[in-house]
Amino acid sequence: MSEISGEHGQPGEVSLNPHEGVVAGGSTIGAARTGSGPADRRVLILGGTSEARALAGSLSQSGIAVISSLAGRTSTPLLPAGEVRIGGFGGAPGLAAYLEAERIDVLVDATHPFAAVISDNAGAAAAVTGVPLIVLRRPGWSEQAGDVWHRVRELGEAAALLPRLGHRVFLTTGRQGIGEFASVDAWFLARSVEPPEPPMPARLEVVLDRGPFTLEGERRLLTRHRIDVLVTKDSGGPDAKLIAARERHIPVIMVNRPATAPSARTVSTVAEAARLIAP
Ligand code: NAP
(Lines give C-alpha, C1' and ligand atoms only; values in the text may rest on other atoms or scores of the structure.)
Protein backbone atom coordinates (compact mmCIF):
# COMPACT_ATOMS: atom_id res chain seq x y z
CA MET A 1 0.00 0.00 0.00
CA SER A 2 1.06 3.62 -0.48
CA GLU A 3 3.18 5.14 2.22
CA ILE A 4 3.01 8.84 3.03
CA SER A 5 5.83 10.55 4.85
CA GLY A 6 6.73 14.23 5.17
CA GLU A 7 10.49 14.13 5.44
CA HIS A 8 11.59 15.30 2.00
CA GLY A 9 11.58 18.64 0.18
CA GLN A 10 9.66 21.82 0.89
CA PRO A 11 5.87 22.06 0.87
CA GLY A 12 4.74 22.78 -2.69
CA GLU A 13 7.95 21.43 -4.25
CA VAL A 14 7.95 18.35 -6.41
CA SER A 15 10.90 16.12 -7.15
CA LEU A 16 11.69 12.46 -7.52
CA ASN A 17 13.98 10.48 -5.30
CA PRO A 18 15.22 7.46 -7.26
CA HIS A 19 15.40 5.33 -4.14
CA GLU A 20 12.06 6.23 -2.61
CA GLY A 21 9.71 6.83 -5.52
CA VAL A 22 7.60 9.89 -6.19
CA VAL A 23 8.18 12.78 -3.80
CA ALA A 24 5.49 15.41 -3.96
CA GLY A 25 4.86 18.51 -1.87
CA GLY A 26 7.20 17.25 0.85
CA SER A 27 5.64 13.76 0.90
CA THR A 28 6.77 10.43 -0.46
CA ILE A 29 3.93 8.70 -2.25
CA GLY A 30 4.61 5.01 -2.65
CA ALA A 31 7.86 3.53 -3.89
CA ALA A 32 9.09 2.46 -7.33
CA ARG A 33 9.05 -1.30 -7.91
CA THR A 34 12.39 -1.47 -9.60
CA GLY A 35 14.09 0.64 -6.91
CA SER A 36 16.47 1.93 -9.58
CA GLY A 37 16.80 5.31 -11.33
CA PRO A 38 14.09 7.21 -13.21
CA ALA A 39 15.28 5.90 -16.60
CA ASP A 40 14.38 2.36 -15.48
CA ARG A 41 10.85 3.27 -14.45
CA ARG A 42 7.91 1.84 -16.35
CA VAL A 43 5.07 4.31 -16.66
CA LEU A 44 1.47 3.62 -17.70
CA ILE A 45 -0.40 6.68 -18.95
CA LEU A 46 -4.18 6.44 -19.17
CA GLY A 47 -4.70 8.76 -22.13
CA GLY A 48 -7.07 10.05 -24.75
CA THR A 49 -6.08 13.70 -24.29
CA SER A 50 -3.50 16.06 -25.79
CA GLU A 51 -1.83 16.31 -22.36
CA ALA A 52 -1.40 12.53 -22.25
CA ARG A 53 0.25 12.58 -25.67
CA ALA A 54 2.54 15.44 -24.68
CA LEU A 55 3.58 13.62 -21.49
CA ALA A 56 4.26 10.40 -23.39
CA GLY A 57 6.45 12.36 -25.79
CA SER A 58 8.33 14.13 -23.02
CA LEU A 59 9.01 10.94 -21.01
CA SER A 60 9.98 8.95 -24.10
CA GLN A 61 12.52 11.64 -24.99
CA SER A 62 13.99 11.17 -21.50
CA GLY A 63 14.40 7.46 -22.24
CA ILE A 64 11.63 6.30 -19.90
CA ALA A 65 9.56 3.28 -20.93
CA VAL A 66 6.02 4.57 -21.47
CA ILE A 67 2.89 2.62 -22.27
CA SER A 68 -0.08 4.76 -23.27
CA SER A 69 -3.56 3.31 -22.93
CA LEU A 70 -6.49 4.43 -25.11
CA ALA A 71 -10.11 3.40 -24.72
CA GLY A 72 -10.56 2.80 -28.46
CA ARG A 73 -13.47 5.21 -28.89
CA THR A 74 -12.15 6.83 -32.09
CA SER A 75 -11.30 4.96 -35.28
CA THR A 76 -8.26 7.12 -36.13
CA PRO A 77 -6.74 8.11 -32.78
CA LEU A 78 -3.75 10.44 -32.59
CA LEU A 79 -1.06 8.08 -31.37
CA PRO A 80 1.48 9.13 -28.72
CA ALA A 81 5.20 8.29 -28.71
CA GLY A 82 6.15 4.97 -27.14
CA GLU A 83 4.11 1.81 -26.75
CA VAL A 84 0.34 2.03 -27.15
CA ARG A 85 -2.36 -0.38 -26.01
CA ILE A 86 -6.03 0.05 -26.93
CA GLY A 87 -9.21 -1.11 -25.16
CA GLY A 88 -10.60 -1.48 -21.65
CA PHE A 89 -8.85 -3.42 -18.88
CA GLY A 90 -11.98 -5.00 -17.42
CA GLY A 91 -12.68 -2.62 -14.55
CA ALA A 92 -10.45 -1.80 -11.59
CA PRO A 93 -9.46 -5.47 -11.01
CA GLY A 94 -8.36 -5.78 -14.64
CA LEU A 95 -6.32 -2.59 -14.40
CA ALA A 96 -4.72 -3.78 -11.14
CA ALA A 97 -3.79 -7.08 -12.79
CA TYR A 98 -2.28 -5.20 -15.74
CA LEU A 99 -0.17 -3.01 -13.41
CA GLU A 100 1.21 -6.16 -11.78
CA ALA A 101 1.74 -8.11 -15.02
CA GLU A 102 3.54 -5.22 -16.74
CA ARG A 103 5.50 -4.29 -13.59
CA ILE A 104 4.36 -0.68 -13.81
CA ASP A 105 6.16 1.71 -11.42
CA VAL A 106 4.03 4.82 -11.87
CA LEU A 107 0.43 5.17 -13.07
CA VAL A 108 -0.64 8.48 -14.61
CA ASP A 109 -4.32 9.24 -15.05
CA ALA A 110 -4.23 11.80 -17.85
CA THR A 111 -7.73 11.04 -19.11
CA HIS A 112 -10.35 13.67 -19.93
CA PRO A 113 -11.88 15.37 -16.85
CA PHE A 114 -15.27 13.84 -17.77
CA ALA A 115 -13.97 10.27 -18.04
CA ALA A 116 -14.99 9.52 -14.45
CA VAL A 117 -15.22 5.73 -14.59
CA ILE A 118 -11.64 5.09 -15.68
CA SER A 119 -10.41 7.69 -13.15
CA ASP A 120 -12.24 5.90 -10.33
CA ASN A 121 -10.78 2.62 -11.57
CA ALA A 122 -7.28 4.13 -11.59
CA GLY A 123 -7.69 5.22 -7.96
CA ALA A 124 -8.93 1.79 -6.91
CA ALA A 125 -6.23 -0.12 -8.81
CA ALA A 126 -3.47 2.12 -7.44
CA ALA A 127 -4.76 1.62 -3.88
CA VAL A 128 -4.85 -2.17 -4.24
CA THR A 129 -1.43 -2.54 -5.88
CA GLY A 130 0.42 0.31 -4.14
CA VAL A 131 1.52 1.73 -7.49
CA PRO A 132 1.94 5.52 -7.16
CA LEU A 133 -0.79 7.42 -8.98
CA ILE A 134 -0.39 10.89 -10.48
CA VAL A 135 -3.50 12.59 -11.83
CA LEU A 136 -2.80 15.05 -14.65
CA ARG A 137 -5.87 17.24 -14.99
CA ARG A 138 -5.95 20.52 -16.91
CA PRO A 139 -7.68 23.33 -14.98
CA GLY A 140 -11.33 24.06 -15.73
CA TRP A 141 -12.53 27.34 -17.24
CA SER A 142 -13.68 30.30 -15.20
CA GLU A 143 -16.24 32.92 -16.08
CA GLN A 144 -14.90 36.29 -17.22
CA ALA A 145 -16.37 39.77 -17.63
CA GLY A 146 -18.88 39.70 -20.47
CA ASP A 147 -19.69 35.99 -20.11
CA VAL A 148 -23.28 34.81 -19.70
CA TRP A 149 -22.81 31.35 -18.22
CA HIS A 150 -25.29 28.93 -16.70
CA ARG A 151 -23.53 26.16 -14.78
CA VAL A 152 -25.32 22.80 -14.59
CA ARG A 153 -24.39 19.46 -13.02
CA GLU A 154 -25.10 17.18 -15.96
CA LEU A 155 -26.27 17.00 -19.58
CA GLY A 156 -29.93 16.33 -18.68
CA GLU A 157 -30.02 19.60 -16.75
CA ALA A 158 -28.52 21.37 -19.77
CA ALA A 159 -31.23 19.91 -22.02
CA ALA A 160 -33.98 21.06 -19.63
CA LEU A 161 -32.58 24.61 -19.48
CA LEU A 162 -31.94 25.01 -23.25
CA PRO A 163 -35.37 26.14 -24.55
CA ARG A 164 -35.31 29.14 -22.19
CA LEU A 165 -31.97 30.37 -23.59
CA GLY A 166 -32.02 29.87 -27.36
CA HIS A 167 -33.18 27.90 -30.38
CA ARG A 168 -30.05 27.55 -32.49
CA VAL A 169 -27.64 25.51 -30.43
CA PHE A 170 -23.91 24.84 -30.82
CA LEU A 171 -23.42 21.54 -28.99
CA THR A 172 -19.78 20.66 -28.18
CA THR A 173 -20.27 18.03 -25.48
CA GLY A 174 -19.12 15.09 -27.62
CA ARG A 175 -21.13 12.45 -29.42
CA GLN A 176 -21.74 10.17 -26.44
CA GLY A 177 -24.22 12.41 -24.61
CA ILE A 178 -26.10 13.68 -27.66
CA GLY A 179 -29.11 11.48 -26.89
CA GLU A 180 -29.85 13.66 -23.85
CA PHE A 181 -30.91 16.40 -26.30
CA ALA A 182 -33.03 14.17 -28.57
CA SER A 183 -36.38 15.55 -27.42
CA VAL A 184 -35.36 19.23 -27.22
CA ASP A 185 -37.24 21.36 -29.77
CA ALA A 186 -34.33 23.36 -31.22
CA TRP A 187 -31.91 23.34 -34.17
CA PHE A 188 -28.51 21.83 -33.32
CA LEU A 189 -25.02 22.13 -34.73
CA ALA A 190 -23.10 19.30 -33.03
CA ARG A 191 -19.33 18.98 -33.30
CA SER A 192 -17.58 15.67 -32.63
CA VAL A 193 -14.64 13.56 -33.78
CA GLU A 194 -16.81 10.57 -34.74
CA PRO A 195 -20.39 10.65 -36.11
CA PRO A 196 -23.04 10.48 -33.36
CA GLU A 197 -25.56 7.65 -33.23
CA PRO A 198 -29.30 7.67 -32.42
CA PRO A 199 -31.11 8.85 -30.44
CA MET A 200 -30.37 12.34 -31.74
CA PRO A 201 -32.28 15.64 -32.08
CA ALA A 202 -34.54 15.74 -35.17
CA ARG A 203 -33.04 18.99 -36.48
CA LEU A 204 -29.31 18.36 -36.41
CA GLU A 205 -26.28 19.24 -38.47
CA VAL A 206 -23.03 17.48 -37.55
CA VAL A 207 -19.56 18.88 -38.12
CA LEU A 208 -16.85 16.22 -37.78
CA ASP A 209 -13.71 17.90 -36.55
CA ARG A 210 -10.98 17.62 -33.96
CA GLY A 211 -9.48 20.54 -32.01
CA PRO A 212 -7.71 22.75 -31.31
CA PHE A 213 -9.94 25.29 -33.07
CA THR A 214 -9.04 28.84 -34.04
CA LEU A 215 -10.90 31.92 -32.82
CA GLU A 216 -11.51 32.99 -36.41
CA GLY A 217 -12.97 29.57 -37.21
CA GLU A 218 -15.26 29.65 -34.16
CA ARG A 219 -16.47 33.16 -35.04
CA ARG A 220 -17.31 31.97 -38.56
CA LEU A 221 -19.25 28.94 -37.27
CA LEU A 222 -21.34 31.02 -34.86
CA THR A 223 -22.14 33.60 -37.53
CA ARG A 224 -22.83 31.21 -40.39
CA HIS A 225 -25.24 29.10 -38.34
CA ARG A 226 -26.80 32.03 -36.43
CA ILE A 227 -26.01 30.29 -33.13
CA ASP A 228 -27.79 31.82 -30.12
CA VAL A 229 -26.70 29.41 -27.35
CA LEU A 230 -23.59 27.25 -26.72
CA VAL A 231 -23.56 24.03 -24.68
CA THR A 232 -20.19 22.72 -23.53
CA LYS A 233 -18.52 20.67 -20.82
CA ASP A 234 -16.03 22.37 -18.49
CA SER A 235 -13.14 20.54 -20.15
CA GLY A 236 -10.58 23.34 -19.82
CA GLY A 237 -7.80 23.93 -22.35
CA PRO A 238 -8.10 26.07 -25.47
CA ASP A 239 -11.17 28.31 -25.20
CA ALA A 240 -11.71 29.91 -28.63
CA LYS A 241 -15.42 29.02 -28.67
CA LEU A 242 -15.90 30.71 -25.29
CA ILE A 243 -14.19 33.88 -26.50
CA ALA A 244 -16.32 33.90 -29.65
CA ALA A 245 -19.50 33.42 -27.56
CA ARG A 246 -18.43 36.23 -25.19
CA GLU A 247 -17.88 38.61 -28.10
CA ARG A 248 -21.44 37.97 -29.31
CA HIS A 249 -23.08 37.91 -25.85
CA ILE A 250 -24.21 34.34 -26.57
CA PRO A 251 -25.28 32.48 -23.41
CA VAL A 252 -23.26 29.37 -22.50
CA ILE A 253 -24.52 26.31 -20.65
CA MET A 254 -21.43 24.96 -18.89
CA VAL A 255 -21.64 21.37 -17.62
CA ASN A 256 -19.62 21.03 -14.42
CA ARG A 257 -16.95 18.36 -14.00
CA PRO A 258 -17.79 15.14 -12.17
CA ALA A 259 -16.28 14.87 -8.71
CA THR A 260 -13.07 12.82 -8.49
CA ALA A 261 -11.52 10.95 -5.60
CA PRO A 262 -9.30 13.39 -3.68
CA SER A 263 -6.64 10.85 -2.68
CA ALA A 264 -4.18 11.07 -5.60
CA ARG A 265 -1.43 13.58 -6.25
CA THR A 266 -2.98 15.96 -8.82
CA VAL A 267 -1.00 18.24 -11.14
CA SER A 268 -2.30 20.56 -13.83
CA THR A 269 0.53 20.68 -16.36
CA VAL A 270 2.52 18.17 -18.39
CA ALA A 271 5.75 19.74 -17.11
CA GLU A 272 4.76 19.13 -13.46
CA ALA A 273 3.89 15.50 -14.18
CA ALA A 274 7.14 14.97 -16.08
CA ARG A 275 9.13 16.55 -13.22
CA LEU A 276 7.54 14.18 -10.72
CA ILE A 277 8.52 11.16 -12.77
CA ALA A 278 11.85 12.25 -14.24
CA PRO A 279 13.29 15.34 -12.52
P1 NAP B 1 -15.14 6.40 -18.94
O2 NAP B 1 -16.62 6.50 -19.04
O3 NAP B 1 -14.49 7.00 -17.77
O4 NAP B 1 -14.66 4.89 -19.04
C5 NAP B 1 -15.49 3.82 -19.47
C6 NAP B 1 -14.64 2.61 -19.69
O7 NAP B 1 -13.82 2.77 -20.85
C8 NAP B 1 -13.66 2.33 -18.56
O9 NAP B 1 -14.27 1.65 -17.51
C10 NAP B 1 -12.59 1.54 -19.29
O11 NAP B 1 -13.00 0.20 -19.51
C12 NAP B 1 -12.54 2.19 -20.66
N13 NAP B 1 -11.54 3.26 -20.73
C14 NAP B 1 -11.71 4.60 -20.61
N15 NAP B 1 -10.58 5.26 -20.82
C16 NAP B 1 -9.63 4.31 -21.05
C17 NAP B 1 -8.25 4.36 -21.35
N18 NAP B 1 -7.60 5.54 -21.45
N19 NAP B 1 -7.61 3.18 -21.54
C20 NAP B 1 -8.26 2.01 -21.46
N21 NAP B 1 -9.57 1.89 -21.19
C22 NAP B 1 -10.25 3.04 -20.99
O23 NAP B 1 -14.47 7.04 -20.27
P24 NAP B 1 -15.13 7.91 -21.46
O25 NAP B 1 -15.71 9.15 -20.90
O26 NAP B 1 -15.96 7.01 -22.31
O27 NAP B 1 -13.79 8.31 -22.24
C28 NAP B 1 -13.08 7.33 -22.96
C29 NAP B 1 -11.73 7.90 -23.38
O30 NAP B 1 -11.93 9.06 -24.19
C31 NAP B 1 -10.86 8.33 -22.20
O32 NAP B 1 -9.60 7.77 -22.38
C33 NAP B 1 -10.83 9.86 -22.26
O34 NAP B 1 -9.56 10.38 -21.91
C35 NAP B 1 -11.18 10.15 -23.71
N36 NAP B 1 -12.02 11.35 -23.85
C37 NAP B 1 -13.18 11.46 -23.16
C38 NAP B 1 -13.96 12.61 -23.28
C39 NAP B 1 -15.25 12.78 -22.50
O40 NAP B 1 -15.89 13.85 -22.65
N41 NAP B 1 -15.66 11.83 -21.68
C42 NAP B 1 -13.52 13.63 -24.13
C43 NAP B 1 -12.32 13.50 -24.83
C44 NAP B 1 -11.58 12.35 -24.69
P45 NAP B 1 -12.61 -0.99 -18.51
O46 NAP B 1 -13.46 -0.78 -17.27
O47 NAP B 1 -12.92 -2.22 -19.26
O48 NAP B 1 -11.15 -0.84 -18.19
Side-chain angles (χ1 to χ4, degrees), residues 43-56 66-80 82-102 104 106-129 131 133-138 140-141 152-156 158 171-181 190-197 208-213 230-239 241 253-261 264 266 268 270 273:
V43 179
L44 175 64
I45 301 176
L46 303 173
T49 60
S50 53
E51 288 81 1
R53 282 193 299 281
L55 181 62
V66 178
I67 305 173
S68 291
S69 175
L70 305 178
R73 297 280 188 276
T74 55
S75 50
T76 53
L78 299 176
L79 294 177
E83 195 180 325
V84 178
R85 66 163 300 286
I86 297 181
F89 295 94
L95 178 53
Y98 183 91
L99 295 174
E100 295 288 0
E102 292 292 329
I104 299 298
V106 181
L107 173 62
V108 181
D109 172 13
T111 56
H112 190 272
F114 282 79
V117 178
I118 187 72
S119 290
D120 283 349
N121 291 350
V128 164
T129 57
V131 173
L133 170 64
I134 297 169
V135 176
L136 170 55
R137 199 66 86 234
R138 65 174 93 135
W141 289 311
V152 296
R153 277 164 300 179
E154 33 93 27
L155 291 174
L171 188 60
T172 65
T173 51
R175 72 181 164 122
Q176 286 186 71
I178 206 163
E180 294 280 355
F181 299 89
R191 182 166 64 196
S192 56
V193 176
E194 299 279 323
E197 287 165 9
L208 297 180
D209 209 349
R210 192 188 328 241
F213 305 102
L230 166 67
V231 183
T232 186
K233 292 172 173 172
D234 188 3
S235 306
D239 61 350
K241 63 189 168 191
I253 301 181
M254 182 68 66
V255 183
N256 286 337
R257 294 177 171 201
T260 47
T266 301
S268 57
V270 171

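Since the structure is predicted, the reported quantities are computational estimates derived from the model, not experimental observations. Remember, it's 1-based here, ligands and their atoms both numbered in the order they're listed.
The two residues Gly47 and Leu70 come nearest to each other via the heavy atoms C-CD2, 4.2 Å. Contact between Ala96 and Ala125 at its shortest, heavy atoms only, is N-CB, 3.7 Å.
For Thr49 and Arg138, the side-chain atoms include no donor-acceptor pair closer than 3.5 Å.
Around the CZ atom of Arg210, the shell of radius 6.0 Å holds more than 12 heavy atoms that belong to other residues, nucleotides or ligands.
The closest donor-acceptor contact from the side chain of Glu194 to the backbone of Arg73 lies at 3.5 Å or more, if one exists at all.
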One pair per line, please: each N/O atom of ligand 1 matched with every protein N/O atom under 3.5 Å away, atom names first, then the distance to 0.1 Å.
| from | atom 1 | to | atom 2 | distance (Å) |
| --- | --- | --- | --- | --- |
| ligand 1 | 3 (O) | Ala115 | O | 3.3 |
| ligand 1 | 3 (O) | Ala116 | N | 3.4 |
| ligand 1 | 3 (O) | Val117 | N | 2.9 |
| ligand 1 | 3 (O) | Ile118 | N | 3.0 |
| ligand 1 | 7 (O) | Arg73 | NH2 | 3.0 |
| ligand 1 | 18 (N) | Ser69 | O | 3.0 |
| ligand 1 | 19 (N) | Ser69 | OG | 2.7 |
| ligand 1 | 26 (O) | Arg73 | NE | 3.1 |
| ligand 1 | 26 (O) | Arg73 | NH2 | 3.0 |
| ligand 1 | 32 (O) | Gly47 | O | 2.8 |
| ligand 1 | 34 (O) | Gly47 | O | 2.9 |
| ligand 1 | 34 (O) | His112 | N | 2.9 |
| ligand 1 | 40 (O) | His112 | ND1 | 3.4 |
| ligand 1 | 40 (O) | Lys233 | NZ | 2.8 |
| ligand 1 | 46 (O) | Gly91 | N | 3.0 |
| ligand 1 | 47 (O) | Phe89 | N | 3.3 |
| ligand 1 | 47 (O) | Gly90 | N | 2.9 |
| ligand 1 | 48 (O) | Phe89 | N | 2.7 |
| ligand 1 | 48 (O) | Gly90 | N | 3.3 |

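To the nearest 0.5 Å, atoms OG1 (Thr232) and CG (Asp234) are separated by 8.0 Å.
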